[in-house]
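Worksheet: one structure, shown below.
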Number of protein chains: 2
Amino acid sequence: MALKLDARDVKILAILQQEGRISKSDLARRVNLSNTPCWERLQRLEAAGIVRGYGARIALELFAEHVTVFVTAELENHRNEDFVRFEDAVGREPEIIGCWALGGGLDYLFQVVTRNVTSYQSLIDRMLESEAGLKRYYSYIVTKEVKAGGAIPVELFAGT
Amino acid sequence: MALKLDARDVKILAILQQEGRISKSDLARRVNLSNTPCWERLQRLEAAGIVRGYGARIALELFAEHVTVFVTAELENHRNEDFVRFEDAVGREPEIIGCWALGGGLDYLFQVVTRNVTSYQSLIDRMLESEAGLKRYYSYIVTKEVKAGGAIPVELFAGT
DNA sequence: GATGAAACTGCTCCAAG
DNA sequence: CTTGGAGCAGTTTCATC
């Protein structure tokens, strides 16, 4: 690991995950530090890339019909270049908002957010016709988001 | 849908998803608006709950060993109260950072971030022994995050 | 919608303990 | 690590076009 974090650093991360636009003086108060050292800690965390950036959480359901689909994928071949090609294809599709390589029988799981099942099917057709190397896939349509944007439980990793 | 958004609102959302801590005057410049009307739009978006909040993106891999696991779950029973009980159990576990109800044969998919496979197994044991109603599950260990924290492609939903 | 400005709050850096 | 503060930048509200 690049950096050793103490409990205060971890608390800073936990707060920022939930309240990314908190003012730095409020943040300092929340971790029982004065302004300056808290600011320096945050600088270090950002410089080290541990805080990768900040983003707004958007409630898409409030202004647009859409579908979320999880897809398990198996590739035709399993040479290194096949994985690279598939991952490039995934990177080029903005509707694929997450993708994970898996151990075991399946190669990948990815998450699609798109307008409707028709546009979902277009995406899959594009993946099949391109050189992505997708062999078999299975689609799981999401009917309800039970828990989303759940923060990483950074507290679990304090002092590791 | 609660609110009608025009192309500028959507652009504001797209920018805020990626740069949640951008200053409001910079944001105004980016959408070719002056300070005041841009600020009013953002107020409306936040008040309507479309901007749900802001959060830092954390690079956990830079400071802690951890495992990510996706789990498909099937419940013992399928009465309304069974779903409620399971979803409550999910809500109580901070290591479960995402959970989606699925159409088709499987009931749920959820995502776990935890220290190691031992702590993952503890979580599953806890779910099995509790009244969550978990019958069958399958674990997919993540070996690589190919694409994560991918923003919702809000541009797709402009003018809907 | 644009502009300009006033009053305020917060940020960044620095000095001194 | 603390406090205090100087100078600056960003925020929010207002009045005017």
Side-chain angles (χ1 to χ4, degrees), chain A residues 1-59 62-64 149 151 154-155 157-160, chain B residues 1-59 62-64 149 151 154-155 157-160:
Chain A
M1 305 303 103
L3 225 96
K4 206 96 202 82
L5 305 190
D6 66 12
R8 272 217 183 83
D9 291 316
V10 170
K11 187 150 187 212
I12 288 173
L13 294 177
I15 292 170
L16 285 177
Q17 268 197 118
Q18 300 295 337
E19 297 164 64
R21 256 188 119 121
I22 189 174
S23 87
K24 303 191 179 178
S25 23
D26 279 352
L27 180 62
R29 238 161 289 158
R30 292 273 290 278
V31 296
N32 298 310
L33 234 62
S34 60
N35 230 311
T36 314
C38 180
W39 183 85
E40 286 164 349
R41 277 164 187 269
L42 183 50
Q43 289 297 106
R44 268 190 298 118
L45 292 169
E46 289 179 346
I50 289 174
V51 174
R52 227 194 266 282
Y54 300 86
R57 284 184 290 270
I58 305 298
L62 293 185
F63 67 96
V154 282
E155 296 87 342
F157 302 96
T160 54
Chain B
M1 303 304 104
L3 224 94
K4 206 95 202 82
L5 305 190
D6 66 12
R8 270 218 184 83
D9 291 318
V10 169
K11 188 150 187 212
I12 288 173
L13 294 177
I15 292 170
L16 286 176
Q17 267 197 119
Q18 300 294 339
E19 298 163 63
R21 256 190 120 121
I22 191 175
S23 85
K24 302 191 180 177
S25 21
D26 279 350
L27 180 62
R29 240 162 286 156
R30 291 273 290 276
V31 296
N32 298 311
L33 234 62
S34 60
N35 228 312
T36 314
C38 180
W39 184 86
E40 286 164 350
R41 278 165 187 268
L42 183 50
Q43 288 298 108
R44 269 190 297 118
L45 291 170
E46 289 179 346
I50 289 174
V51 174
R52 228 195 265 283
Y54 300 86
R57 286 185 289 271
I58 305 299
L62 293 185
F63 66 96
V154 282
E155 295 87 343
F157 303 97
T160 54

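Lettering follows sequence order; numbering is per chain, from 1. This is a predicted model, so every value here is computed, not measured.
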Let's go through Val154(A) and Phe63(B) carefully: what are the C-alpha distance in whole Å and the side-chain angles of both, what is the deciding distance for side-chain contact (heavy atoms from CB on, under 4.5 Å) to 0.1 Å, and is it a yes or a no? CA-CA 10 Å; Val154(A) 282; Phe63(B) 66 96; 4.2 Å; yes
Could you walk me through whether Asp6(B) and Arg41(B) satisfy the side-chain contact (heavy atoms from CB on, under 4.5 Å) test, starting with their C-alpha distance in whole Å, then the side-chain angles of each, then the deciding distance to 0.1 Å, before giving a yes or no? CA-CA 10 Å; Asp6(B) 66 12; Arg41(B) 278 165 187 268; 2.9 Å; yes
Within-4.5 Å side-chain heavy-atom neighbours: Leu5(B) and Ile50(B): yes
Give a yes or no answer on whether the side chain of Arg57(B) reaches the backbone of Gln18(B) with a donor-acceptor pair at less than 3.5 Å. yes
Side chain to side chain, Leu16(A) and Tyr54(A), heavy atoms closer than 4.5 Å: yes
5' to 3' on DNA chain C, which nucleotides open and close the contacts with chain B (atom under 4.0 Å from a heavy atom)? dG1(C) to dG4(C)
State, with a plain yes or no, whether a side-chain heavy atom of Ile22(B) is found less than 4.5 Å away from one of Arg30(B). yes
Student check: side-chain heavy atoms of Leu33(B) and Glu40(B) closer than 4.5 Å: no
With side-chain contact (heavy atoms from CB on, under 4.5 Å) as the test, would you mind laying out the steps for Asp9(A) and Arg44(A) before giving the verdict? CA-CA 10 Å; Asp9(A) 291 316; Arg44(A) 268 190 298 118; 4.2 Å; yes
Which part of the nucleic acid, if any, lies within reach of Pro37(B) when heavy atoms closer than 4.0 Å are counted: base, sugar-phosphate only, or nothing? sugar-phosphate
Remember a base hit wins even if backbone is also touched, and classify Arg8(A) as base, sugar-phosphate or nothing at under 4.0 Å, heavy atoms. nothing
Take nucleotides 5-17 of chain D nucleotide by nucleotide from the 5' end and write B, S or -, depending on whether a protein heavy atom sits under 4.0 Å from the base, only from the sugar-phosphate, or from neither. -----SSSSB---
